[in-house]
J.: 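Can you keep this structure in mind? I'll have questions shortly.
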Amino acid sequence: MPRYSRIVILTGAGISAESGVDTFRAKDGIWSKVDYRDVATPQGFARDPDRVHAFYNSRRRGLASVEPNAAHAALARLERAFAGTVLLVTQNIDDLHERAGSSRLIHMHGELVRALCANCGQRHEWSDDMDTDHPCPTCHSAGFLRPDVVWFGEMPYQMERISAAIALCDLFVSIGTSGNVYPAAGFVEEAKMAGAHTVELNLEPSEGRSHFAEAHYGLATELVPAFVDRVLS
Ligand code: NAD
């Protein structure tokens with residue numbers, strides 16, 4: 001494999017699937033059980049905040065029973081051992097990348113373990129259940145706390161930093177994402193325009209398959225450690 005110096009990696013639900021976290025669009029995925037409009041839109045939260053809190057409380061509690069897998073561990077190893085820069089951009093709201101040891105990490109769709117106050121705009125670490133009675137630890141107003149996750153119709157976080165990194169990268173790798181949700185689904189085209197080599201590692205071809213110069217299909221826990229070995233060799 002040629003020598004790269006600036007890598008951007010995008011991950012999606014597929015990297016956490018073998019840890020036991022449900023993906024979204026699979027036949028038995030999260031969106032087959034709940035309507036995303038009810039639990040993942042600002043309108044759904046305005047209509048029924050208790051329902052939305054219950055959905056994310058259950059997912060937050062679920063973090064206690066899952067562990068990072070070999071794919072998360074391989075990306076943390078890449079960050080430690082690579083001579084150039086690695087930026088990991090995840091669409092996942094779980095905390096498995098940081099628990100595996102990754103630190104140059106952007107949660108572009110937010111984090112389950114954080115709360116955002118819609119009144120004062122402050123963010124707080126949050127490991128317990130959340131409900132409409134909780135006062136914000138900063139402004140002390142109740143009724144404004146929401147999970148710090150990006151819902152459909154909202155702008156993902158740190159887009160400028162992500163675009164700047166993609167514009168300079170020479171290797172872009174997309175792992176475990178179906179390529180349905182923009183802007184993340186468009187990163188591969190930005191990377192191609194920047195002249196980067198583009199690689200897809202996924203269980204099956206994604207929507208964006210034709211944009212990738214190289215693709216490997218199979219389990220993330222097998223593909224990602226092998227790919228990291230190649231990059232580091
Ligand atoms: P997805 O469920 O659409 O796709 C998962 C992908 O992973 C699929 O392509 C599948 O083939 C692959 N996969 C499954 N198991 C795998 C394995 N073991 N190894 C390798 N690949 C595997 O998930 P996505 O692409 O992450 O979904 C897009 C985004 O929609 C989500 O990340 C999520 O952030 C987002 N979204 C969610 C919410 C929310 O819940 N609040 C809100 C807005 C957006």
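Starting from 1, each residue takes its place in the sequence as its number.
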J.: Could you tell me which residues satisfy side chain to side chain contact (heavy atoms under 4.5 Å, CB included) with Thr138, sequence neighbours excluded, listed by chain and number?
T.: Cys120, Gln122, His124, Cys136

J.: Go through it in stages, so that I can follow the logic: the residues are Asn69 and Thr221, the test is side chain to side chain donor-acceptor pair (under 3.5 Å), and I'd like the CA-CA distance, side-chain angles, deciding distance and then a yes or no.
T.: CA-CA 7 Å; Asn69 64 45; Thr221 54; over 6 Å; no

J.: Between Arg60 and Glu125, is there a salt bridge with N-O shorter than 4.0 Å?
T.: no

J.: Over all heavy atoms of both residues, which pair between Cys139 and Asn119 is shortest? Give the atoms and the distance, please.
T.: SG-ND2, 3.4 Å

J.: Let me check something: do Val66 and Leu219 share a hydrophobic cluster, defined by ILVMFWY side-chain heavy atoms less than 4.5 Å apart, either directly or through other members?
T.: no

J.: On a heavy-atom basis, which atom in Pro137 and which in His140 lie closest, and how many Å separate them?
T.: O-CE1, 3.3 Å

J.: Would you indicate whether the side-chain heavy atoms of Val149 and Tyr56 approach each other to under 4.5 Å?
T.: yes

J.: Check ring-ring contact (aromatic ring centres under 6.0 Å, His included) between Phe152 and all other residues, then give those that pass, not counting sequence neighbours.
T.: Tyr36

J.: Taking atom types as modelled, is there a side-chain donor on Ser5 or Asp170 under 3.5 Å from an acceptor on the other?
T.: yes

J.: Is there a path from Val228 to Leu105 through hydrophobic residues (I, L, V, M, F, W, Y) whose side chains come within less than 4.5 Å of each other?
T.: yes

J.: Quick check: is Leu88 connected to Val21 through a chain of hydrophobic side chains (ILVMFWY, heavy atoms under 4.5 Å apart)?
T.: no

J.: Flag the pair Leu145 / Leu116 as yes when at least one side-chain heavy-atom distance between them is below 4.5 Å, and no otherwise.
T.: no

J.: Which heavy-atom pair separates Met130 from Ala115 by the least distance, and what is that distance?
T.: CE-CB, 3.6 Å

J.: Treat each ILVMFWY residue as a node, draw an edge where side-chain heavy atoms are under 4.5 Å apart, and state whether Ile106 and Leu78 are in one component.
T.: no

J.: Under the 3.5 angstrom rule, does the side chain of Glu79 hit a backbone N or O of Arg104 as a donor-acceptor pair?
T.: yes

J.: Enumerate the ring-ring contact (aromatic ring centres under 6.0 Å, His included) contacts for residues 60-103, please, sequence neighbours excluded, ordered by first and then second residue.
T.: His72-His97

J.: Where the side chain of Ser163 meets the backbone of Met159, is there a donor-acceptor pair that is under 3.5 Å apart?
T.: yes

J.: Is the ring pair Phe227/His216 parallel, tilted or perpendicular, if the boundaries are 30 and 60 degrees?
T.: tilted

J.: Name the one of Thr11, Asp94, Thr90, Asp95 that satisfies side chain to side chain donor-acceptor pair (under 3.5 Å) with Ser16?
T.: Asp94

J.: Show me the side-chain donor-acceptor pairs of residues 183-191 shorter than 3.5 Å, one per line, residues at least two apart or across chains.
T.:
none

J.: Looking only at heavy atoms, what is the nearest atom pair of Ala220 and Pro225, with distance?
T.: O-CD, 3.5 Å

J.: Kindly write out the residues that satisfy side-chain hydrogen bond (donor to acceptor under 3.5 Å, both in side chains) with Thr23, not counting sequence neighbours, or none if the list is empty.
T.: none

J.: Would Arg123 and Asp148 pass as an ion pair if we require N to O under 4.0 Å?
T.: yes

J.: Are Arg77 and Asp229 close enough for a salt bridge, meaning some N to O gap below 4.0 Å?
T.: yes

J.: Say whether, by atom type as modelled, one donor and one acceptor occur between the side chain of Ser206 and the main chain of Gly179 under 3.5 angstrom.
T.: no

J.: Determine whether Leu232 and Val8 fall in the same hydrophobic cluster, where Ile, Leu, Val, Met, Phe, Trp and Tyr are linked whenever their side-chain heavy atoms lie under 4.5 Å apart.
T.: no

J.: Given salt bridge (charged side-chain N to carboxylate O under 4.0 Å, His left out), test Glu154 with Arg146 step by step and report yes or no.
T.: CA-CA 14 Å; Glu154 297 181 323; Arg146 55 168 278 183; 2.9 Å; yes

J.: Are Glu214 and Arg230 close enough for a salt bridge, meaning some N to O gap below 4.0 Å?
T.: yes

J.: Could Arg47 and Asp38 be called an ion pair, given the rule that one side-chain N must be under 4.0 Å from one carboxylate O?
T.: yes

J.: Could you list the residues that satisfy side chain to side chain contact (heavy atoms under 4.5 Å, CB included) with Ala213, not counting sequence neighbours?
T.: His197, Thr198

J.: Flag this pair as yes if the NZ/CZ of Arg37 is under 6.0 angstrom from the six-membered ring centre of Trp151 and inside a 45 degree cone about the axis; otherwise no.
T.: no

J.: Going by an N to O cut-off under 4.0 Å, is there a salt bridge joining Lys33 and Asp22?
T.: yes

J.: Show your working on ring pair (Phe, Tyr, Trp, His ring centres under 6.0 Å) between Tyr157 and His109 and close with a plain yes or no.
T.: CA-CA 6 Å; Tyr157 296 154; His109 290 162; 8.9 Å; no

J.: Which atom pair, heavy atoms only, marks the closest approach of His107 to Ile93?
T.: ND1-CA, 4.4 Å

J.: Donor-acceptor pair, distance only, cut-off 3.5 Å: does the side chain of Thr85 make one with the backbone of Arg6?
T.: no

